[in-house]
Each structure stands twice: as C-alpha cells, then as structure tokens.
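These values consider heavy atoms only, across backbone and side chains, with no hydrogens, waters or symmetry-generated copies.
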Amino acid sequence: MGDIAVENAAEQPQEAAPKKKRGFLKGFIWFILILLIIWWFNNYTMKTTREKIKSEKLVSPLKIAVISDYHAEKFSIGSDVIVNRLEKEEPDLVFVVGDMYTRRSSWDKIELAINLMTDITELDVPVYFVPGEHDKEELYFDKLTENGINVMNYKSEKIEVNGNKLQIMGITNVYYSPTFDLSTQFVLDDECYNILLAHIPNYDKFSQFGADLSLCGDTHGGMIQLPFGRGPVYDNGNWMPEIRAARDDVYDKGLFKYRKGYMFITSGLGNNPYPARLNNRPEIAVIEIEPSERN
C-alpha cells in the first residue's frame with residue numbers, strides 16, 4: 001500500500017502540466033478573439049460625428065452631412081448602412097469630399113462608389129462632390145453627372161436652401177504651391193453663406209481665402225488616434241504631433257476656427273491601404289448651422 005501511495009503522488013505533477021498548457025492556450029485564444037473584436041469594431045462600424053456652428057448669414061437652420069474616403073472596398077461599411085443613417089439624419093445637403101474609390105480599382109469597385117452616391121440622391125437631397133487624389137476617371141465623373149451628382153471640379157454654384165443663400169465652390173488640388181490663391185478662382189459673395197469643398201485640407205490657404213465653411217477629407221484622422229483626445233499617433237510626417245506640438249497646429253480631423261469661418265475635416269468612411277483604424281471609427285459627419293443675429 002505504501003508503494004502505491006508513493007507512485008500516485010509522483011503522478012500528480014505530471015497531470016497538472018497538461019492542464020496548465022490548456023489554460024494558457026484558452027487564455028491566448030480569448031486574447032486573440034478580443035483583439036479581433038476591437039479591430040472589427042474600430043474598422044467596420046460607423047459613428048455619427050456632430051458639430052454645431054452659427055452664422056449671421058443664415059435666416060433658418062441648415063443641416064449638412066459630409067462623407068469622404070470610402071475607397072470602395074468590398075468589405076468596407078455597406079452602402080445601405082450609410083444611406084440609412086443619412087436618411088435618419090434628414091440633411092438639407094450632402095457633401096462628398098473625395099477618394100470614394102482607390103487608384104487602380106477595378107470598374108466593379110468604382111461602381112460601388114457611384115452606386116452609393118446615386119442612392120443618396122434618391123433621398124431627394126442634393127449631393128455635391130469633389131474628387132481626391134485617387135478618384136480621377138473621366139468615365140466615373142460622367143456617370144456621377146448622369147446620376148444627378150454635382151461634380152464641382154473648379155466650379156461654383158449658387159443655390160437657395162430653406163431661404164438661405166449659399167455659394168458652393170469645389171477644387172480638385174492634390175498639391176498646393178506656395179503661391180496658391182483661391183481668390184484667383186472664386187469670388188466670395190457677402191450675401192451668401194460660402195462653402196468650399198476640397199479633398200486635401202490646407203488651413204493656411206483656406207483661412208486666407210475666408211470661406212464661411214471649408215469641408216475636407218484625406219487625412220483619415222491619422223488612422224490611429226491616441227486615447228483621451230491626444231490626437232493622431234502619426235500625421236503629416238510627425239509622430240504624436242499633438243503631444244509634441246501645439247494642438248491647433250495639427251489638422252487631422254474635426255472642426256477648426258479661422259478668422260472668417262471654419263474648416264472641418266472628416267476622418268472618412270474607409271481604409272487605405274489597410275484596415276488599421278484604432279480609436280478612430282469610420283464616420284459620417286453632420287454639421288448643424290444655426291442663424292445668429294448680426295452684430
């Protein structure tokens with residue numbers, strides 16, 4: 001009996017080892033699963049970003065929606081999800097500020113972008129579009145125009161919405177020279193609320209021009225944002241720029257004030273070249289502009 005007890009005692013540590021391995025493997029699988037859920041949530045679920053501003057040029061409230069940087073990937077946010085969200089918001093205007101597909105995309109992917117914007121027009125809301133550095137196909141522009149999308153390729157248009165007089169201007173720059181001057185292309189109308197559409201933001205040039213509202217995309221918000229509102233991990237050649245520099249110097253996403261108006265940058269809907277968003281989900285932006293009394 002004594003020999004049997006000794007043998008059983010010797011066997012017990014050998015049984016514990018496989019259990020420890022199984023526990024480690026189970027914990028590792030849960031860790032990977034949680035990472036996948038976080039990755040999926042950050043890259044394939046959409047939020048609505050809201051901003052409110054005022055203007056003495058308006059006589060009634062104006063609600064606009066801004067989308068950009070869809071990049072037309074088949075596994076990006078579904079067009080039905082985007083259109084349904086816009087339908088619930090009931091904007092007066094929808095502005096699409098470029099890179100709705102990716103350079104060298106096949107035509108079936110380009111059609112994803114065309115179909116998305118066409119579906120938005122079916123909400124009986126005007127859609128204005130400027131291209132980015134990716135979406136440059138002339139046939140694409142023709143199809144958008146045929147489907148009722150206003151392609152603002154260095155164009156200006158005056159419209160009236162809810163009694164508000166608006167001037168909408170669009171540019172297609174992918175490069176801004178030191179001498180770039182928007183005033184050589186457009187004339188601001190003091191009787192209108194002036195809206196500039198440009199895929200690539202340029203705070204200095206846009207603030208000099210002085211549109212009431214400049215709408216941009218392109219940056220993707222730096223893709224990965226630090227927690228606690230500390231800005232992008234990487235933006236415009238700089239690591240963690242909001243920690244290393246003044247906050248107002250980092251134009252990655254959100255609303256920025258300048259002397260005569262605002263610049264708004266949306267972080268967009270898609271990913272390029274990889275789905276690597278973190279703390280920076282795909283978004284549609286809704287900006288409500290309220291009338292204010294003249295001083």
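If you check the side chains of His220 and His71, you find a donor sitting under 3.5 Å from an acceptor. At a cut-off of 3.5 Å, with distance as the only test, a side-chain donor of Arg85 or Thr48 sits close to an acceptor on the other residue. Using modelled atom types, one finds a donor on one side chain and an acceptor on the other under 3.5 Å when comparing Ser214 with Tyr258. Between the side chains of Tyr154 and Asn173, at least one donor N or O sits under 3.5 Å from an acceptor N or O. Side-chain contact check for Ser292 and Glu56: no donor-acceptor pair (N or O, by modelled atom type) lies under 3.5 Å. One side chain, Glu157 or Tyr128, offers a donor N or O that lies under 3.5 Å from an acceptor on the other. Side chains of Asn162 and Asp92: a donor on one and an acceptor on the other come within 3.5 Å. A donor and an acceptor atom, one from each side chain of Ser156 and Gln167, are located under 3.5 Å apart.
At distances below 3.5 Å, not a single donor-acceptor pair connects side-chain atoms of Tyr44 with backbone N or O atoms of Pro275. Between the Asn194 side chain and the Ile168 main chain, no donor and acceptor come within less than 3.5 Å of each other.
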**Study point:** Derivation of the side chain to side chain donor-acceptor pair (under 3.5 Å) call for Asn150 and Lys155
**Key:** CA-CA 10 Å; Asn150 300 284; Lys155 292 181 180 177; over 6 Å; no
Review point. Would Trp40 and Thr45 satisfy side-chain contact (heavy atoms from CB on, under 4.5 Å), going step by step from the backbone distance to the final call?
Key: CA-CA 7 Å; Trp40 174 84; Thr45 67; 3.6 Å; yes
Review point. Could you go step by step and tell me if Glu51 and Glu288 meet the side-chain contact (heavy atoms from CB on, under 4.5 Å) rule?
Key: CA-CA 6 Å; Glu51 298 286 356; Glu288 296 181 67; over 6 Å; no
Check your understanding: Would Lys109 and Glu73 satisfy side-chain contact (heavy atoms from CB on, under 4.5 Å), going step by step from the backbone distance to the final call?
Key -> CA-CA 7 Å; Lys109 287 187 176 181; Glu73 292 300 326; 3.3 Å; yes
Practice item. Go through Met263 and Leu196 one step at a time and tell me if the side-chain contact (heavy atoms from CB on, under 4.5 Å) criterion holds. Key: CA-CA 9 Å; Met263 180 177 73; Leu196 173 68; over 6 Å; no
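A salt bridge is defined here as a Lys NZ or Arg NE, NH1 or NH2 lying under 4.0 Å from an Asp or Glu carboxylate O, and Asp212 with Lys260 fails to meet this definition. Checked for salt-bridge contact, Glu89 and Arg50 meet the test: a charged N lies under 4.0 Å from a carboxylate O. Taking the charged nitrogens against the carboxylate oxygens, Glu90 and Lys63 have no contact shorter than 4.0 Å, which rules out a salt bridge.
Residue Val96 forms a side-chain contact (heavy atoms from CB on, under 4.5 Å) with just one option from Val151, Asp135, Val127, and that option is Val127. Among the candidates Asp252, Asp235, Asn42, the single residue satisfying the side-chain hydrogen bond (donor to acceptor under 3.5 Å, both in side chains) test with Gln225 is Asp252. Applying the side-chain contact (heavy atoms from CB on, under 4.5 Å) test between Asn147 and each of Thr121, Asp119, Ile114, Asp142 identifies Ile114 as the sole match.
Around NZ of Lys143, the count of heavy atoms belonging to other residues, nucleotides or ligands within 6.0 Å does not exceed 12. A 6.0 Å sphere centred on NZ of Lys47 holds more than 12 heavy atoms belonging to other residues, nucleotides or ligands. Around NZ of Lys136, the count of heavy atoms belonging to other residues, nucleotides or ligands within 6.0 Å exceeds 12.
For the residue pair Pro201 and Tyr176, the shortest heavy atom distance occurs at O-CE1, 4.4 Å. The two residues Arg103 and Glu133 make their nearest non-hydrogen contact at NH2-O, 3.0 Å. Scanning all heavy atoms of the two residues, the minimum distance from Gly270 to Arg277 falls at O-NH2, 2.8 Å. The shortest non-hydrogen separation linking Phe209 to Leu188 is O-CD1, 3.1 Å. Shown here for Ile284 and Ile67, the closest heavy-atom pair between the two residues is CG2-CG2, 3.6 Å. Here the shortest heavy-atom pairing between Met100 and Asp69 reads SD-N, 4.1 Å.
Geometrically, Lys257 engages Tyr262 in a cation-pi contact, judged by NZ or CZ lying under 6.0 Å from the ring centre and within 45° of the ring axis.
Residue Leu197 is grouped with residue Ile287 when hydrophobic side chains (ILVMFWY) are merged at heavy-atom distances under 4.5 angstrom, including chains of intermediate members. A continuous path of ILVMFWY side-chain contacts below 4.5 Å connects Ile159 to Leu215, so both sit in one hydrophobic cluster. In terms of hydrophobic clustering, with Ile, Leu, Val, Met, Phe, Trp and Tyr side chains grouped at heavy-atom distances under 4.5 Å, Leu62 and Met152 are assigned to a common cluster. The hydrophobic cluster containing Ile149 does not contain Val130, counting ILVMFWY residues as joined when their side-chain heavy atoms lie under 4.5 angstrom apart, directly or transitively.
Two residues are said to be in side-chain contact when any heavy atoms from C-beta on lie closer than 4.5 Å; Leu226 and Asn279 fail this criterion. In this structure, the side chains of Trp39 and Leu35 stay at 4.5 Å or more apart for every pair of heavy atoms. You'll find the side chain of Ile82 reaches within 4.5 Å of the side chain of Leu86, heavy atoms only. For the pair Val97 and Cys216, the minimum side-chain heavy-atom distance is 4.5 Å or more. Contact of the Asn164 side chain with the Tyr193 side chain is not registered, since no non-hydrogen atoms from C-beta on lie closer than 4.5 Å. Counting only heavy atoms from C-beta outward, the side chains of Pro61 and Pro291 approach each other to under 4.5 Å. Within the 4.5 Å cutoff, no side-chain heavy atoms of Leu269 are placed close to those of Glu283. Using a 4.5 Å heavy-atom cutoff, the side chains of Ile171 and Phe186 are in contact.
Taking CE of Met240 as the start and CD1 of Ile224 as the end, the distance is 12.0 Å to the nearest 0.5 Å. The OG1 atom of Thr172 lies 10.0 Å from the CZ atom of Phe129; values are rounded to the nearest 0.5 Å. Within the model, atoms OG of Ser207 and CZ of Arg259 stand 8.5 Å from one another, a figure rounded to the nearest 0.5 Å.
Ring orientation note: the planes of Phe256 and Tyr251 are nearly perpendicular, at an angle over 60° on the 30°/60° scale.
A centroid separation of 6.0 Å or more is found between the aromatic rings of Phe180 and Tyr175.
With sequence neighbours excluded, no residue satisfies ring-ring contact (aromatic ring centres under 6.0 Å, His included) with Trp30.
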